[in-house]
Amino acid sequence: MKIATFNINGIKARLPVLTDWLRDSAPDVAVLQEIKSVDQAFPREQIEDLGYTVETHGQKGFNGVAILSRLPLEDVTRGLPGDPDDEQARWIEATAMGARPVRICGLYLPNGNPAPGPKYDYKLAWMARLQARVHDILQTEEPATICGDYNVIPQDDDAARPEAWRDDALGLPATRDAFRRLVNLGLTDAFRAVDPGAGHYSFWDYQAGAWDRNLGIRIDHHLLTPQAADLLQAAWIEKDLRAREKPSDHVPVWVDLDA
DNA sequence: ATGCCGGCCCAAGGCCGA
């Protein structure tokens, strides 16, 4: 089961790139962030025509997540538990029915800038709720990937210029600590399990020639439960997509599970 | 660079992203 997480930065602006990518790269499951669309406006028919089931959790203008799957999806849930007043669309779950079922959890973790401030407080509170949800998921002892745009640079090796992120919400010690606590529940960073080296990024800013100068950061991740980590065949970043016409500022991050 | 680009709102300029 090939699963890709991809922050598309707007479904309306990215539909041609997305459909070309679905045709060319053919993920079994695509987990999308920043669809920036309400559910009713999501162009589901054009994606269904490519053989995908479409499940969205959107909101007007910002945020929004979705799961596209060529495998049947069961038990779809929307929204991260823990705060009934949180109206931001940043979490969706479904079980992809492959040879082995895999729980797919898609997330768009809050950016948190400027830090300190209320937006950073929201980020840390959201990460605490994520910690609680992942704790519960681990109790199921089932294969699962908790994947998406984490807006976290886990280590210095995950940034071309780590010093530039030390005081940023993506790289602050408290952010990294919260991410490490999450991993330490028993998750595996799939990409790092197969490639421990520096210089691998999943985001390059549109500005200041960041792509041309390879000034990237690795902030899109698959964190696998032990049962999913046991099925891990490969993990990679589809860097080439950043060089296409009208690209997202993120690229897809993949895992292949024996499922 | 406390926003250089790009997408969203929706028709202009502001908000947001990382």
Side-chain angles (χ1 to χ4, degrees), chain A residues 5-19 21 31-43 56-66 86-91 106-127 130 147-179 199-221 237 239 241-253:
Chain A
T5 176
F6 188 9
N7 182 323
I8 58 171
N9 189 21
I11 185 61
K12 295 174 192 69
R14 212 66 60 215
L15 189 58
V17 165
L18 179 68
T19 51
W21 173 70
V31 186
L32 306 182
Q33 301 88 38
E34 286 206 88
I35 64 173
K36 297 186 177 181
S37 167
V38 294
D39 296 335
Q40 301 89 311
F42 193 87
T56 61
H57 180 43
Q59 70 178 93
K60 192 179 182 70
F62 304 102
N63 305 326
V65 289
D86 184 3
E87 294 181 352
Q88 298 194 35
R90 297 179 175 276
W91 179 263
L107 67 88
Y108 176 46
L109 205 148
N111 173 305
N113 279 307
K119 291 190 173 182
Y120 191 61
D121 295 341
Y122 174 66
K123 178 175 194 162
L124 293 182
W126 204 94
M127 293 183 84
L130 177 60
C147 64
D149 178 357
Y150 276 77
N151 273 317
V152 174
I153 302 165
Q155 305 282 345
D156 281 357
D157 276 355
D158 298 311
R161 290 182 168 173
E163 68 283 358
W165 301 95
R166 295 255 157 77
D167 297 323
D168 187 280
L170 281 64
L172 277 168
T175 303
R176 290 182 170 187
D177 288 351
F179 185 82
H200 301 288
Y201 312 125
S202 65
F203 168 90
W204 295 260
D205 202 299
Y206 288 120
Q207 302 175 80
W211 167 249
D212 292 329
R213 296 193 290 159
N214 196 26
L215 299 181
I217 50 179
R218 193 179 71 93
I219 57 174
D220 300 270
H221 310 297
I237 298 173
K239 184 179 180 182
L241 227 65
R242 187 64 177 79
R244 290 201 190 170
E245 283 291 308
K246 216 167 169 358
S248 172
D249 41 7
H250 296 250
V251 295
V253 178

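Letters A, B, ... are given to chains in the order of the sequence lines, protein chains preceding strands, and every chain is numbered from 1.
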Query - Base versus backbone protein contacts along nucleotides 8-16 of chain B [heavy-atom cut-off under 4.0 Å; B, S, -] - result: SSS-----S
Query raised in the report: What pairs with A:H57 under ring pair (Phe, Tyr, Trp, His ring centres under 6.0 Å), at least two apart in sequence or on another chain?
Result: none
Query raised in the report: Taking only residues at least two apart or on different chains, which pairs with a member in residues 106-125 of chain A satisfy salt bridge (Lys or Arg N to Asp or Glu O under 4.0 Å)?
Result: none
Requested in this report: Determine the contact category for A:D220: base if any of its heavy atoms lies under 4.0 Å from a base atom, sugar-phosphate if only primed atoms, P, OP1 or OP2 are that close, otherwise nothing.
Outcome: nothing
Query raised in the report: What is the nucleic acid contact for A:N151, judged by heavy atoms within less than 4.0 Å: base, sugar-phosphate only, or nothing?
Result: sugar-phosphate
Query raised in the report: Is there a donor-acceptor contact under 3.5 Å linking the side chains of A:D249 and A:W204?
Result: no
Report task. Rounded to the nearest angstrom, tell me the gap between atom CD in A:Q59 and atom P in B:dG17. Result -> 10 Å
Report summary line: DNA chain B nearest-nucleotide lookup for A:F203 and A:P247: closer to the 5′ end is A:P247
Requested in this report: Report the distance from atom CZ of A:R161 to atom C1' of B:dA1, rounded to the nearest whole Å.
Outcome: 13 Å
Requested in this report: With sequence neighbours excluded, tell me which residues meet salt bridge (Lys or Arg N to Asp or Glu O under 4.0 Å) with A:D220.
Outcome: none
Query raised in the report: Reckon A:Y108 touches a base, only the sugar-phosphate, or nothing at all at heavy-atom distances under 4.0 Å?
Result: sugar-phosphate
Query raised in the report: If the P atom of B:dG7 is compared with that of B:dT2, how far apart are they to the nearest Å?
Result: 22 Å
Query - Residues forming a ring pair (Phe, Tyr, Trp, His ring centres under 6.0 Å) with A:W165, sequence neighbours excluded - result: none
Requested in this report: Sticking with atom C1', work out how far B:dA12 lies from B:dA1, rounded to a whole angstrom.
Outcome: 24 Å
Query raised in the report: Between residues 211-218 of chain A and DNA chain B, which residues have a heavy-atom gap below 4.0 Å?
Result: A:I217
Query - Rounded distance (Å) that lies between atom C1' of B:dG17 and atom NE2 of A:H250 - result: 8 Å
Requested in this report: Check ring pair (Phe, Tyr, Trp, His ring centres under 6.0 Å) between A:F179 and all other residues, then give those that pass, not counting sequence neighbours.
Outcome: A:Y150, A:H221
**Report entry** Integer angstrom distance from the C1' of B:dC4 to that of B:dC9
**Finding:** 22 Å
Query raised in the report: Would you say the side-chain atoms of A:E34 and A:N7 include a donor-acceptor pair closer than 3.5 Å?
Result: yes
Query raised in the report: What interatomic distance, in whole Å, is found between P of B:dC10 and the corresponding atom of B:dC15?
Result: 16 Å
Report summary line: Judged by nearest nucleotide, the residue sitting upstream toward the 5' end of DNA chain B, A:N7 or A:Q207, is A:Q207
**Report entry** Which residues share a salt bridge (Lys or Arg N to Asp or Glu O under 4.0 Å) with A:R213, sequence neighbours left out
**Finding:** none
Query raised in the report: Checking all strands, does A:N63 fall into the base, sugar-phosphate, or nothing category for heavy-atom contacts under 4.0 angstrom?
Result: nothing
Query - Any residue meeting side chain to side chain donor-acceptor pair (under 3.5 Å) with A:N9, in chain and number order, not counting sequence neighbours - result: A:K36, A:Y206
